[in-house]
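Before any comments, here is the structure.
The analysis underlying the following values was restricted to heavy atoms, covering all of them including side chains, and did not include hydrogens, waters or symmetry mates.
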Amino acid sequence: MKKIILAVILLIAAVGAFIFSYQYRNDKISQQTSENSTITDYSSSNNQVSGNSAAEHRLIAEDKKNDYQLYYDGSDVTIVHGEYSKKISAWTEAIKKEIPSIYCKDYDGDGKNELLVKVVSGEQEQQYSDEKIKYVYSLYLFKPIVSGDGEKTFSFITAAANTWKVPFESAIICELTQLKACNKFLQFTMDDFDREIVYDDKTGITKNKHVDYARALTDAKQRYYTLSRWNKGSGIYNIQKDGTITLDIQVLVSYEEIKDVHYIGDIHCQMNIHNNNFVLAPNTIYFKALDAYKTADPRDTAKSKWSCLIHNASTNTNFQSNEIDWIEAKFSLTNMNGSQTMYFETMPSMIKCIDDVKFTQKNVVLTSKKGYTFSSSVADNGKYSVILNKGSKNEQSIAYTYSIKKENGVEKLTIRFDKTYDKEDFSDVLINFGV
């Protein structure tokens with residue numbers, strides 16, 4: 001991956017987001033990072049606009065309510081706030097890519113709105129997503145000041161890109177693991193740096209509070225890869241509509257079976273201003289998996305054992321082949337208790353060749369009619385699934401493993417779930433086999 005080319009250094013002082021040790025770490029990290037950051041007071045000579053006046057420059061951004069303007073003359077940007085002004089010569093290449101965004105808000109709690117400017121600082125080639133090129137931004141926070149010689153100018157803090165790593169890691173411990181009980185789940189755990197992350201010996205589930213989950217990658221046959229290592233990627237900064245500053249730190253994963261590195265999600269948090277430094281806001285940090293890797297929480301399991309049997313009363317299968325290689329059947333268990341009889345002949349696919357379907361909290365078992373068998377090649381190639389709430393925002397794919405066994409002259413296909421579920425979760429369930 002090409003390195004991110006940065007025009008300025010954005011300094012971010014990270015502080016643990018967990019209440020227990022927030023204040024201690026906040027003061028400590030601010031002290032550490034102040035040695036590397038500066039608040040620059042510019043002299044009057046540096047603040048004069050050469051050539052044309054600011055009014056003759058092209059207006060590229062404005063906040064009328066707070067009276068801030070950005071002008072551009074083709075080479076320099078001039079920031080104007082009433083009688084205050086400052087010329088910036090380092091943004092020419094950035095403006096060719098994108099016009100800077102401006103936000104006005106009381107970021108430092110002094111009762112006055114400061115100007116925050118978001119500027120393109122480089123481009124990152126994306127090897128982990130569909131976006132080929134992604135802009136990376138730097139942030140500038142400007143405050144009007146009067147210099148020693150009476151000149152009305154600006155001080156600003158810059159701070160940005162890679163220097164968040166050391167203070168972040170001095171405050172927060174992070175671990176990514178793969179669950180023992182079900183290797184579908186990647187578990188991302190965070191805590192204060194001086195706290196130990198503890199796991200259950202049997203399941204691998206952490207006993208710590210701050211945890212989120214992602215789905216591991218599979219091969220074409222739905223076999224989950226084995227986690228090899230992980231690391232943090234780039235830190236991407238952005239500004240929300242209300243002016244809130246956010247940081248997203250990429251989480252990159254490698255597997256033993258393949259060479260490619262995969263971007264599975266972000267460590268997300270908000271940023272504040274503290275002691276003239278950008279710091280992580282307490283109680284805002286969490287891991288968020290990308291949509292393609294979202295999964296259920298394996299700790300959220302069924303409250304009790306249950307079962308629901310659906311018997312097929314149809315006798316007409318209408319299929320010449322006795323090999324079951326196509327099932328696409330939707331059920332709802334909402335109003336079912338114990339067992340129920342249905343006529344599968346009205347349903348499409350070879351579900352007609354199934355004698356009964358039994359759901360429990362941990363699996364679904366399909367029993368074939370006599371004379372029919374399940375296609376082992378379909379199952380071996382991973383062409384099976386159990387999907388809850390298909391097509392909705394709550395859609396979940398819950399199939400984990402399968403087995404085909406013959407009992408009393410008929411075959412049974414068992415699809416095991418990735419964890420146990422309550423019956424209420426099956427208000428809309430789709431079984432696919434060979435699809």
Side-chain angles (χ1 to χ4, degrees), residues 1-4 14 17 124-136 161-162 164-165 168-169 172-191 197 199 203-206 208-238 246-270 280 284-300 382 385 387-388 393-400 417-419:
M1 185 180 70
K2 296 181 180 178
K3 293 183 178 179
I4 301 174
Q124 180 182 15
E125 182 178 349
Q126 298 292 294
Q127 294 185 353
Y128 317 120
S129 69
D130 293 335
E131 293 181 271
K132 296 302 180 183
I133 297 294
K134 185 173 184 177
Y135 288 144
V136 180
N162 291 325
W164 57 264
K165 291 183 178 180
F168 181 93
E169 291 171 0
I172 298 171
I173 184 173
C174 307
E175 291 184 4
L176 182 70
T177 56
Q178 193 166 24
L179 296 192
K180 296 178 180 179
C182 178
N183 63 356
K184 173 180 180 177
F185 295 104
L186 297 178
Q187 178 177 242
F188 194 86
T189 312
M190 292 182 288
D191 217 318
I197 295 179
Y199 301 96
T203 64
I205 293 177
T206 183
N208 296 65
K209 178 180 178 181
H210 307 284
V211 58
D212 292 282
Y213 294 90
R215 179 183 59 82
L217 195 67
T218 67
D219 62 13
K221 296 182 178 181
Q222 286 200 59
R223 295 175 299 193
Y224 289 94
Y225 292 135
T226 306
L227 176 65
S228 173
R229 62 186 180 276
W230 77 280
N231 62 286
K232 303 181 190 72
S234 301
I236 308 299
Y237 304 89
N238 213 330
T246 61
L247 166 66
D248 288 285
I249 305 167
Q250 295 174 326
V251 174
L252 309 178
V253 171
S254 298
Y255 298 96
E256 292 182 0
E257 295 84 355
I258 54 177
K259 294 181 179 180
D260 294 339
V261 175
H262 291 267
Y263 166 38
I264 66 166
D266 299 287
I267 304 170
H268 176 86
C269 65
Q270 295 179 16
L280 299 188
T284 66
I285 183 170
Y286 60 89
F287 170 76
K288 181 180 181 181
L290 299 180
D291 288 344
Y293 299 100
K294 285 183 178 179
T295 190
D297 189 329
R299 300 170 301 173
D300 183 13
S385 62
I387 302 174
L388 303 180
K393 64 178 182 179
N394 298 319
E395 179 178 323
Q396 294 183 64
S397 181
I398 65 173
Y400 182 47
F417 304 148
D418 50 21
K419 65 184 185 74

Which heavy atom of A289 sits nearest a heavy atom of Y293, and at what distance?
-> CB-O, 3.9 Å

Starting at NE2 of H268, measure out to CG of N238 and round the result to the nearest 0.5 Å.
-> 10.0 Å

What is the minimum heavy-atom distance between F287 and M190, and which atoms define it?
-> N-CE, 3.8 Å

Test item: Q250 side-chain N/O and G233 main-chain N/O as donor-acceptor pair under 3.5 Å = no

T206 and Q187 side chains, donor-acceptor separation under 3.5 Å | no

Please report the C-alpha distance between L388 and N394 in whole Å, then the side-chain angles of each, then the deciding distance to 0.1 Å, and finally whether the side chain to side chain contact (heavy atoms under 4.5 Å, CB included) criterion is met.
-> CA-CA 8 Å; L388 303 180; N394 298 319; over 6 Å; no

State, with a plain yes or no, whether a side-chain heavy atom of Y213 is found less than 4.5 Å away from one of R299.
-> yes

Between N183 and Y400, a side-chain donor and acceptor under 3.5 Å | yes

Checking D297, T177, T189, I197 against V211 for side-chain contact (heavy atoms from CB on, under 4.5 Å), the one that qualifies is T189

Carboxylate-amine/guanidinium contact K288 D266, below 4.0 Å = no

Going by heavy atoms in the side chains, are P298 and D418 under 4.5 Å from each other?
-> no

Are any of the side-chain heavy atoms of L227 and E256 separated by less than 4.5 Å?
-> no

Measure the shortest side-chain to side-chain distance between K180 and Y199 over non-hydrogen atoms and say whether it is less than 4.5 angstrom.
-> no

Applying side chain to side chain contact (heavy atoms under 4.5 Å, CB included), run through L280 and Q270 and close with a yes or a no.
-> CA-CA 6 Å; L280 299 188; Q270 295 179 16; over 6 Å; no

Drop me the distance from S397's OG to Q222's CD, to the nearest 0.5 angstrom.
-> 6.5 Å

Taken to the nearest 0.5 Å, the spacing of I258 CD1 from S228 OG works out to 10.5 Å

With no hydrogens and no angle check, do the side chains of D191 and H210 hold a donor and an acceptor under 3.5 Å apart?
-> no

List the steps and the verdict of side chain to side chain contact (heavy atoms under 4.5 Å, CB included) for V253 and L176.
-> CA-CA 9 Å; V253 171; L176 182 70; 3.5 Å; yes

Side chain to side chain, Y286 and D212, heavy atoms closer than 4.5 Å = yes

Enter the distance from K184:NZ to L217:CG here, rounded to the nearest 0.5 Å.
-> 13.0 Å

Measure the shortest side-chain to side-chain distance between D248 and I267 over non-hydrogen atoms and say whether it is less than 4.5 angstrom.
-> no

Please report the C-alpha distance between I398 and I387 in whole Å, then the side-chain angles of each, then the deciding distance to 0.1 Å, and finally whether the side chain to side chain contact (heavy atoms under 4.5 Å, CB included) criterion is met.
-> CA-CA 6 Å; I398 65 173; I387 302 174; over 6 Å; no

Quick one: are C174 and W230 in side-chain contact, heavy atoms under 4.5 Å?
-> yes

Parallel, tilted or perpendicular: rings of Y255 and Y225 (30°, 60°) | tilted

Could you state the interatomic distance from NZ (K419) to CD1 (I205), rounded to the nearest 0.5 Å?
-> 10.0 Å

E257 and T226: CA distance, side-chain angles, deciding distance, side chain to side chain donor-acceptor pair (under 3.5 Å) verdict = CA-CA 7 Å; E257 295 84 355; T226 306; 2.9 Å; yes

Taking all non-hydrogen atoms of both residues, which atom of A292 and which atom of R215 are closest, and how far apart?
-> O-NH2, 2.7 Å

Taking the side chain as C-beta and beyond, is there a heavy-atom pair between I173 and E175 under 4.5 Å?
-> yes

First locate atom OH of Y263, then atom OG of S234, and finally report the distance between them rounded to the nearest 0.5 Å.
-> 9.5 Å

